[in-house]
J.: 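One structure, pasted below without further comment.
Numbered from 1 within each chain, the chains take letters A, B, ... in sequence-line order.
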Amino acid sequence: MIRTRFAPSPTGYLHIGGVRTALFCWLFARRHGGQFILRIDDTDQQRNVQEALAPILSGLKWLGIDWDEGPDVGGPKGPYYQSKRAGFYTAAVEELLKRGFAYRDYATTEEIQDEREAAVAEKRDYVYSRRWMAETPEQQAAFEAEGRQAVVRLKMPREGQLVLDDLIRGRVEFDWAREQDHVIQRADGSCLYHLANVVDDRAMEISHVIRAEEHLSNTPRQVFIGQSLGYEMPQYAHLPFVAEPGSKTKLSKRKLTKYLKNRDFAALVEHGQRIADAIGLETSPEEFNPVIVDFYRQIGFLPEAIVNYLALLGWSLDDRTEHFQVSELIEHFSLDRVTKAAASFDPKKLEAFQDRHMQALPLARKSAMAIPFLQRAGLIAAPAGADVEARVEAVLTAAGDRIKVAGDVLDFAEFFTPDDELVYDENAVEKRLRKPPEAVELLTKLRARLADADTFTPESLEGLMHAFIEQEQIQVGQIIHALRVAVTGKGVGLGMFETLAILGREHVLTRIDRALALV
RNA sequence: GGCCCCAUCGUCUAGCGGUCCAGGACACCGGCCUUUCACGCCGGUAACACGGGUUCGAGUCCCGUUGGGGUCACCA
């Protein structure tokens, strides 16, 4: 049975790099009919674990990354919170001690520090002298008589090599002698990350440890712990980093503000901010950020677009296939087609994927996504009536490609605003209504025609317009811009005839009257 | 600094010794379409880091150099 796991620590938000790792773990498990486990890395005992975890769980769920065991769902290998598994770790430490692969160490941090500095000064590799190592009760008693306290350290081999067969990197070799006698348990009895990790992976029967490359250097000590405990070890696969835009540096959750200075990021944030403002969404500059998954959910991105983009960040099927449904990703995903080099995150390309998925979305789903935005902006009532839904669908259809994310529907607020509340863009009014000398006259004449029109469909309106410009001996541009500003208040918008048809005759006439009064 | 990893267009990538004067996508730059915007269409600029090998033949294998990244905690 293939079992993979994702082990986030509760940081309060789901980071793009983290999701990519989770996604690869999940895809691999799903591809092979295995299981995906979520384990919470909260060994540093923060107080608000649940609060800090909620955005992570909801983010994964939103993306469709579900877990077979973990928080909310439980499972046979629980608990799935490391803070609740201390007993397993201390038992492992005892076992390591018993087998002679670990020892109690009574050195103070200052003493260790001195040894390290001495090594640096002499330009040699630092290796702990084990001067304060106590392997017998007598030695322990002697150190304790001095008032010293013990931590437990790994008794690492001082010769030989570890040969690791990484599923992505291939064969990687490490000299044991360069490894330190890492601490695995503090004086207060609490255990450290690496020990906990290995113990849990074994207890949860993880078959494949798929994680970011930063853990590659940590692998030897983990293998040592596992082997010393007699564990059967999992296979390792170290993923390349998701890097900063235009760089190879790891995307970090501590540099959110810095990324906002990136041009493409700034443009995306600006786009998001426009939507957030329209729906009265409070945004903190730190967290309303394209590095955080929730940003995308809030402004109406499609989870499948993000999954598609992220999957291609370090993995590819061939030289041309890019557009994937999640089911296709599951069908084709494999570790041996994962790249080794870091891939930098490109917001522009993510947007391109979003665009493609959005355009492929059935109208009903698009509408279901758009309606909540209109409601939050106060443009339509909370349970939307059938007539309102029909109007939303009409607007979405007419808008077509112009809707990049669901929140973009708010760019077309004029279709949901009462006529007397329509806001006229001053620049547009000046340019299209006041400045052209013939605008008022033409608009007045056209208004009369519209009032008399038999039907009010895009087709009939287009016919009406053609007849009008022919009779007036004008170019269509001479009237259509004025008309647009008159009925929408803006210089840009949807196709003119669709716009008129959706608004309907009454609103069109009322708005033209309002506009004429403005001039 | 030690150790480890990595290296094809600006970016994501294809390429697993010859079919590559290197293919696709995003971005960018032109042009077309056009009632605005968006889309669409057509075209274009643009890469095998460098140096040695191996081989009849190297983007593809080996070594080195350079560059980039990661890691060296009683953090996770």
J.: Specify the separation, in whole Å, of atom NE2 of A/His323 and atom P of B/rC12.
T.: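 For the pair A/His323 NE2 and B/rC12 P, the rounded distance is 22 Å.
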
J.: What is the distance from CZ of A/Phe241 to C1' of B/rG69, rounded to the nearest Å?
T.: 7 Å

J.: With rounding to the closest Å, how many angstrom separate the C1' atoms on B/rC37 and B/rC21?
T.: 42 Å

J.: Under 4.0 Å: is that the gap between some side-chain N or O of A/Lys348 and OP1 or OP2 of B/rC26?
T.: no

J.: What is the distance, to the nearest angstrom, from the CZ atom on A/Arg5 to the C1' atom on B/rA76?
T.: 12 Å

J.: Round to the nearest Å and state the distance from A/Lys340 atom NZ to B/rC12 atom P.
T.: 17 Å

J.: Check for a donor-acceptor pair, side chain of A/Gln354 on one end and backbone N or O of A/Lys404 on the other, with a separation under 3.5 Å.
T.: yes

J.: Can you tell me, in whole Å, how much space there is between the C1' of B/rG69 and that of B/rU60?
T.: 24 Å

J.: Between B/rU19 and B/rG10, how many Å separate the two C1' atoms, rounded to a whole number?
T.: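 Looking at atom C1' only, B/rU19 and B/rG10 are 30 Å apart.
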
J.: Sticking with atom P, work out how far B/rG59 lies from B/rA49, rounded to a whole angstrom.
T.: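 To the nearest whole Å, 10 Å.
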
J.: Classify A/Asp401 by what it touches in the nucleic acid, base, sugar-phosphate, or nothing, heavy-atom distance under 4.0 Å.
T.: sugar-phosphate

J.: Sort out the partner of B/rC72 for me: Watson-Crick or G-U wobble, both distances under 3.5 Å, none otherwise.
T.: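 Pairing partner, where one exists within any strand: B/rG1.
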
J.: Nearest to the side chain of A/Lys250 - B/rG70, B/rU13, B/rG10?
T.: B/rG70

J.: Any N or O donor-acceptor pair under 3.5 Å from the base of B/rA25 to the side chain of A/Lys349?
T.: yes

J.: Establish, with yes or no, whether the OP1 or OP2 oxygen of B/rU11 is under 4.0 angstrom from a side-chain nitrogen or oxygen of A/Ser344.
T.: no

J.: Report the C-alpha separation of A/Glu470 and A/Phe468 in whole Å, then their side-chain angles, then the decisive distance to 0.1 Å, and conclude whether the side-chain contact (heavy atoms from CB on, under 4.5 Å) test is met.
T.: CA-CA 5 Å; A/Glu470 200 161 306; A/Phe468 180 74; over 6 Å; no

J.: Any N or O donor-acceptor pair under 3.5 Å from the base of B/rC37 to the side chain of A/Arg402?
T.: yes

J.: How far, in whole Å, is B/rA14 from B/rU8 if one measures between their C1' atoms?
T.: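 Result for the C1' pair: 10 Å, nearest Å.
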
J.: May I have the distance from A/Lys248 (atom NZ) to B/rG10 (atom C1'), rounded to whole angstrom?
T.: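 That distance rounds to 11 Å.
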
J.: Using a distance-only test with no angle check, is there a side-chain donor-acceptor pair under 3.5 angstrom linking A/Glu111 and A/Tyr106?
T.: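 No, A/Tyr106 and A/Glu111 have no side-chain donor paired with an acceptor closer than 3.5 Å.
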
J.: Would one find a side-chain N or O of A/Thr109 under 4.0 angstrom from OP1 or OP2 of B/rC74?
T.: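 No, no such contact exists.
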
J.: If you compare every side-chain N and O of A/Arg171 against the phosphate oxygens of B/rC4 (OP1, OP2), does one of them come in below 4.0 Å?
T.: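 No, outside the criterion.
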
J.: Does B/rA73 have OP1 or OP2 sitting under 4.0 Å from an N or O in the side chain of A/Arg186?
T.: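 False: A/Arg186 side-chain N/O out of range (4.0 Å or more) of B/rA73 OP1/OP2.
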
J.: A/Phe101 vs A/Phe224 aromatic rings, parallel, tilted or perpendicular, using cut-offs 30° and 60°?
T.: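 Perpendicular, since the angle between the ring planes exceeds 60°.
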
J.: Check this for me: does the side-chain of A/His182 come within 3.5 Å of the base of B/rA73 through a donor and an acceptor?
T.: no

J.: My understanding is that a pair needs two contacts under 3.5 Å, Watson-Crick or G-U wobble. By that rule, which nucleotide pairs with B/rC33?
T.: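 Pairing partner, where one exists within any strand: none, as none qualifies.
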
J.: Between C1' on B/rC4 and CZ on A/Arg169, what's the gap in Å once rounded to a whole number?
T.: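 Those two atoms, CZ and C1', are 10 Å apart.
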
J.: Checking side-chain polar atoms at under 3.5 Å, does A/Tyr128 have a donor or acceptor matched by the opposite partner on A/Asp105?
T.: yes

J.: A/Ser217 side chain N/O closer than 4.0 Å to the phosphate oxygens (OP1, OP2) of B/rC3?
T.: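 No, because none of the side-chain N or O atoms of A/Ser217 sits under 4.0 Å from OP1 or OP2 of B/rC3.
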
J.: Are any side-chain N or O atoms of A/Asp42 and backbone N or O atoms of A/Ser83, one a donor and one an acceptor, separated by less than 3.5 Å?
T.: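 Yes.
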
J.: Which whole-number value in Å describes the distance from A/Phe174 CZ to B/rC4 P?
T.: 8 Å

J.: Under a 3.5 Å cut-off for both contacts, is B/rA7 paired Watson-Crick or G-U wobble with anything, and if yes, with which nucleotide?
T.: B/rU66

J.: Roughly how far apart, to the nearest Å, are B/rC12 and B/rC48 at atom P?
T.: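 Nearest-Å result for B/rC12 against B/rC48 at atom P: 16 Å.
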
J.: Output the rounded distance in Å from CZ (A/Arg484) to P (B/rC37).
T.: 9 Å

